[in-house]
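Read the structure below first, then the notes.
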There are 2 protein chains.
Amino acid sequence: MPPTDTQSAAPEARQTVTSEAVLDAALTLFAERGYHGTALSQIAERLGIRTPSLYNHMRSKQELLETLVAATLRDVLTDFHGAVADSEDPVVQLRAATRVYALRHATHRREALVVNRDTTSLPEPALTEMRERRREHERAIRSIIMRGIECGAFAVGNAGLASFAILEMSVSIARWFREDGPRTAEQVADEYAEFALRICRYRG
Amino acid sequence: MPPTDTQSAAPEARQTVTSEAVLDAALTLFAERGYHGTALSQIAERLGIRTPSLYNHMRSKQELLETLVAATLRDVLTDFHGAVADSEDPVVQLRAATRVYALRHATHRREALVVNRDTTSLPEPALTEMRERRREHERAIRSIIMRGIECGAFAVGNAGLASFAILEMSVSIARWFREDGPRTAEQVADEYAEFALRICRYRG
DNA sequence: CCTACCGATCGGTAGG
DNA sequence: CCTACCGATCGGTAGG
């Protein structure tokens, strides 16, 4: 029984929930309980609507996951390209690339948790495409490290091992970071950027 | 219709599946699809029995998860205490502690994936207890780093941040390590142990 | 170890 | 946006 105010003239005005709100609620719950641990009824409840009403804003539960993961990985790569555009110096690039990646995991914790926990629940071909995007990022980091080794700035036995370590320690920030904690996201990101350089044995 | 051989004399001999086999099948599937993404029927199918027969070897699906997580965290702490027992030197201790932790994540990938992905699916009080065990490990690593800072071996602004980074980069080995890959588990563990010292700015 | 079966809940559709 | 409803599957029990 909707309120009998002026808006009842336009039928479209009855819509109380947007697709963005559905995605946001799904993101929160997927991050909290995992994709398979979340029921559509819980997403609906959080929005104050009934389950079937969700289908006005999405095609399926799977599509929700796919949208969230694709958007997150797209943003990660955009961040990366922005971070390395300013300089050709591998030291500057690795610091900047690690900084934005670490920063994103502190400021977008839910997205990070879902991507890392539930990407494997995606159906093909999305699964393969998402894996390819992550690999693209990893290869780009590795290539920076290899250039750093070549020019003598870094000294690390295996660039692949180092790039995995750097990326994954950053990912884990999403597991423990708290906005109301003792350190800001920027402080953590700066510190992790230095960790990355140390892993590569950069003696600044 | 069991084979009509000699073993049919003893009724107990009909048992074809052990609790260990159930746990192992659950471990494989939980690691692959997550706890909520795995049905008991899939565990049974993998063992060649019917779903209700599983209940001869377990009390509930939840108990399977609880058993797996508790055993893994117990082993992690046992590893840790064994690794740091030989020396009081923070450098030696951090290297050894990281080495065994990294090694475990290369050799026990399934356990690591389940602990990291599905511990949050545990009911209380198991959830709190498992979190406490992980925190215990983290505090122990942090304490080694702090002692290293005090005696001048390490130079890192924040021991907590460093311990998180070291532990989580090691955890991630379970995500990418392959037994048939180019590096042995021991080689990876040794390399990560050096990464840990570098993060703490140990200038060996 | 099995068959037979349970209530609950799942994602999703029909139709308004 | 809703109610009414669907078949499928879930974890688990009864009883042998």
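So you know, we letter chains A, B, ... as the sequences are listed, proteins then strands, and number each from 1.
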Any residue meeting side-chain hydrogen bond (donor to acceptor under 3.5 Å, both in side chains) with [X], in chain and number order, not counting sequence neighbours:
X     : result
A/D24 : A/R110
A/Q62 : none
A/H36 : A/S121
A/E32 : none

Contacts of [X] that satisfy salt bridge (charged side-chain N to carboxylate O under 4.0 Å, His left out) - sequence neighbours left out:
X      : value
A/D75  : none
A/R175 : B/E168
B/R74  : none
A/R133 : A/E129

Whole angstroms only, please: what is the [atom1]-[atom2] distance between [X] and [N]?
X     : N      : atom1 : atom2 : answer
B/E45 : D/dC10 : CD    : C1'   : 15 Å
A/Y55 : C/dA14 : OH    : C1'   : 13 Å
B/H57 : D/dG12 : NE2   : P     : 16 Å
B/K61 : D/dC10 : NZ    : P     : 9 Å
A/L54 : C/dT13 : CG    : C1'   : 14 Å
A/R59 : C/dG11 : CZ    : C1'   : 16 Å

Q: Could you list all the side-chain hydrogen bond (donor to acceptor under 3.5 Å, both in side chains) pairs where at least one residue sits in residues 96-108 of chain A, not counting sequence neighbours?
A: A/D79-A/R104, A/R99-A/D190

Q: List the protein contact pattern of nucleotides 2-7 of chain C with one symbol per nucleotide (5' to 3'): B for base contact, S for sugar-phosphate-only contact, - for none; contact means a heavy-atom distance under 4.0 Å.
A: BBB---

Q) Considering the terminal five base pairs at each end of the helix from C/dC1-D/dG16 to C/dG16-D/dC1, what angle separates the two local helix axes, rounded to 10°? A) 0°

**Q.** Basic-acidic side-chain contact under 4.0 Å: A/R134, A/E138
**A.** no

(Q) Among residues 36-43 of chain A, which ones have heavy-atom contacts with DNA chain C below 4.0 Å? (A) A/T38, A/A39, A/L40, A/S41

Q: Verify, without hydrogens or angle tests, whether B/T38 (side chain) and B/L29 (backbone) share a donor-acceptor contact under 3.5 angstrom.
A: yes

